[in-house]
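Before any comments, here is the structure.
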Protein chains: 2
Amino acid sequence: MTSHAEILLSEPTLIAPVNAAKELFWRKGYDETSIEDVVCATGMNRYALYNAFGGKLELFLAVLESYFIERKNLFLTALSDPQGGPIAAIREVSEYCITEMTDRGAGCLMCDVAAEVGRYDKAVSERVLSYLEEIRSADEMALAQAEKCGDLNSAISPKEGAALLIANMLGVGAMARNGAGRQELLTVFNSCLRLLSRQSGAQNLEHRRRNPKTTTVKQVQN
Amino acid sequence: MTSHAEILLSEPTLIAPVNAAKELFWRKGYDETSIEDVVCATGMNRYALYNAFGGKLELFLAVLESYFIERKNLFLTALSDPQGGPIAAIREVSEYCITEMTDRGAGCLMCDVAAEVGRYDKAVSERVLSYLEEIRSADEMALAQAEKCGDLNSAISPKEGAALLIANMLGVGAMARNGAGRQELLTVFNSCLRLLSRQSGAQNLEHRRRNPKTTTVKQVQN
DNA sequence: TCTGATTTAGAACGCCTATTCTGAATGTGC
DNA sequence: GCACATTCAGAATAGGCGTTCTAAATCAGA
């Protein structure tokens, strides 16, 4: 069951245009990105663009699928064979995502921009939920590994923890879209990960010692 | 320093129109809500509408300010004098917000719809961040109370915990916008609150006993 | 180089929406 | 009841956008 979007993505010459369009949609949103913008950014002829994709919506669907595949690969490769342990792998992947967000002053393309399109097209929001479920499931497997190693907070199951991580990431995205800084987002994410990790007095003390009065460490941004 | 929007809100005859417009913007977003929609929903004359507010953007700013005031009151009254303790107050307020979201299939008006407008108008996104900071600060005070009672997980400070709650709520909103169900959202929120609460073996055992294999409780929605 | 197909750039079209305009309807003070 | 201001409904305007059309330019093959 390969979708129209997936067929488009198998065409090598379309990879660059899709990536350029992705960048636009991600930064500006769906409505605010005009075909004119896409024509300029891709360098592709308007006529050729319509020939290749069909229209703006179909182009966005291709972009979405491409983003999804990319993101899925990122998560699966990092989480399936984590050298530094599953928690470290989650941190690594998530911090990468946060960087992507703050670089663009945007949230998650899949969730935020797609939610815009989901108003027209129910299939899009269903696709988004299935994507979230896949990522959540990958997180869950990582947390299950962590549980085996005794690295997971026993107050929570891998399944719940994974859902919490997803929500946290989406929340961080919403903050990014409204202009929150990288350091603030990292602090939020790290709090979440800390609570998910096995609680120990030593660990807590360690954290409190490093962050007296828990003021945020000021750091030069970008 | 009273803004134009605040002056508008002090006019009693404009309260109903603002609320009707709020409902529209919340459910449909800014771009997708036309002035025609507003005219129909408010029953207000188009000419009168422009006379009263100035234009679509100004109308939205008034809606935003109204939402902000409402939400702030909700949080401040619930959290400033919590009968069942601060954690319970946070739960109550948050579950109310989740209901608002799922009723509309939307997230947070302030963050999600305003982020759309924030692309045109930098002042809007700054307003959003200041709103988030006010709510976060209210949460922080509640968590500080909880800390005094020994109800806060010692691994986290009230400040960090408050930021985490905000991000969690925004994430839950993003899920709601994409069609996630009420029960799923409540589960995510409750996981977050559980981790924020003081950890005790008894408490964890209690949770695990109630939720064997931590399957989500199926419940009729809406 | 010539011919026929393909690709290009950009004009043209049709639709939608925010905003303004206009003449009719309604209200107000006397 | 009358003069006048206000309010109304809906038409008109202006601009933007996705999409399609067209005539010129380019390319491919012999």
Side-chain angles (χ1 to χ4, degrees), chain A residues 4-5 8 11-18 20-65 109 113-124, chain B residues 4-5 8 11-18 20-65 109 113-124:
Chain A
H4 181 222
L8 288 175
E11 179 60 50
T13 59
L14 294 184
I15 292 176
V18 163
K22 186 192 301 176
E23 205 56 36
L24 283 174
F25 283 130
W26 203 342
R27 287 178 191 271
K28 306 181 50 164
Y30 184 79
D31 275 331
E32 281 297 295
T33 300
S34 71
I35 292 292
E36 193 58 35
D37 291 336
V38 176
V39 167
C40 289
T42 59
M44 216 174 158
N45 179 266
R46 189 193 317 268
Y47 184 88
L49 200 103
Y50 274 87
N51 254 2
F53 294 99
K56 190 181 180 183
L57 183 61
E58 288 80 7
L59 171 61
F60 180 72
L61 294 179
V63 163
L64 207 57
E65 212 56 40
L109 174 74
V113 183
E116 201 184 332
V117 182
R119 293 204 175 99
Y120 318 121
D121 191 344
K122 234 28 189 173
V124 168
Chain B
H4 181 224
L8 289 174
E11 179 60 49
T13 58
L14 294 184
I15 293 176
V18 163
K22 188 192 301 178
E23 204 57 35
L24 283 174
F25 283 129
W26 203 341
R27 286 178 192 272
K28 306 179 52 163
Y30 183 79
D31 275 330
E32 281 298 294
T33 300
S34 71
I35 292 292
E36 193 58 36
D37 291 336
V38 176
V39 167
C40 289
T42 59
M44 214 174 159
N45 179 267
R46 191 194 315 271
Y47 183 87
L49 201 103
Y50 274 89
N51 255 1
F53 293 100
K56 189 181 180 182
L57 183 62
E58 288 80 7
L59 171 62
F60 180 73
L61 294 179
V63 163
L64 207 57
E65 212 57 40
L109 173 73
V113 183
E116 202 185 331
V117 182
R119 293 201 175 102
Y120 318 123
D121 191 345
K122 244 0 185 200
V124 168

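Just so you know, these numbers use all the heavy atoms, side chains as well, and skip hydrogens, waters and symmetry mates. In the text below, chain A, chain B and the rest are named by the order of the sequence lines, each starting its count at 1.
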Measure the distance from [atom1] on [X] to [atom2] on [N] and round it to the nearest whole Å.
X     : N      : atom1 : atom2 : value
B:D37 : C:dC16 : CG    : P     : 13 Å
B:N45 : C:dC21 : CG    : P     : 15 Å
A:L49 : C:dG10 : CG    : P     : 16 Å
B:L59 : C:dT17 : CG    : C1'   : 15 Å

task = Please list all pairs passing the salt bridge (Lys or Arg N to Asp or Glu O under 4.0 Å) test where one or both residues lie in residues 37-53 of chain A, with sequence neighbours left out.
result =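 Sorted pair list: A:K28-A:D37, A:E36-A:R46.
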
key: Pairs flagged by salt bridge (Lys or Arg N to Asp or Glu O under 4.0 Å) wherever residues 113-122 of chain A is involved - sequence neighbours left out   =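 Residue pairs with at least one partner in residues 113-122 of chain A: there are none.
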
Tabulated below should be each protein N or O lying under 3.5 Å from an N or O of nucleotides 17-24 of chain D; please produce it.
unit_1, atom_1, unit_2, atom_2, d
D:dG18, OP1, A:T33, O, 3.4
D:dG18, OP1, A:K56, NZ, 2.7
D:dG18, OP2, A:I35, N, 2.9
D:dT19, OP2, A:Y50, OH, 2.9
D:dT19, OP2, A:K56, N, 2.9
D:dT19, O5', A:Y50, OH, 3.4

Listed partners of A:Y47 passing side-chain contact (heavy atoms from CB on, under 4.5 Å), at least two apart =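 For A:Y47 the side-chain contact (heavy atoms from CB on, under 4.5 Å) partners, ignoring immediate neighbours, are A:N45, A:N51.
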
request  = Tell me, please, which residues at least two apart from B:K56 pass salt bridge (charged side-chain N to carboxylate O under 4.0 Å, His left out).
outcome  =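 With neighbours one apart ignored, the set is empty.
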
request  = Give the intermediate values and the outcome of side-chain contact (heavy atoms from CB on, under 4.5 Å) for residues B:V117 and B:L64.
outcome  = CA-CA 11 Å; B:V117 182; B:L64 207 57; over 6 Å; no

message = Which label fits A:F25 and A:Y30: parallel for a plane angle under 30°, tilted from 30 to 60°, or perpendicular past 60°?
response =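 Parallel: the ring planes of A:F25 and A:Y30 meet at under 30°.
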
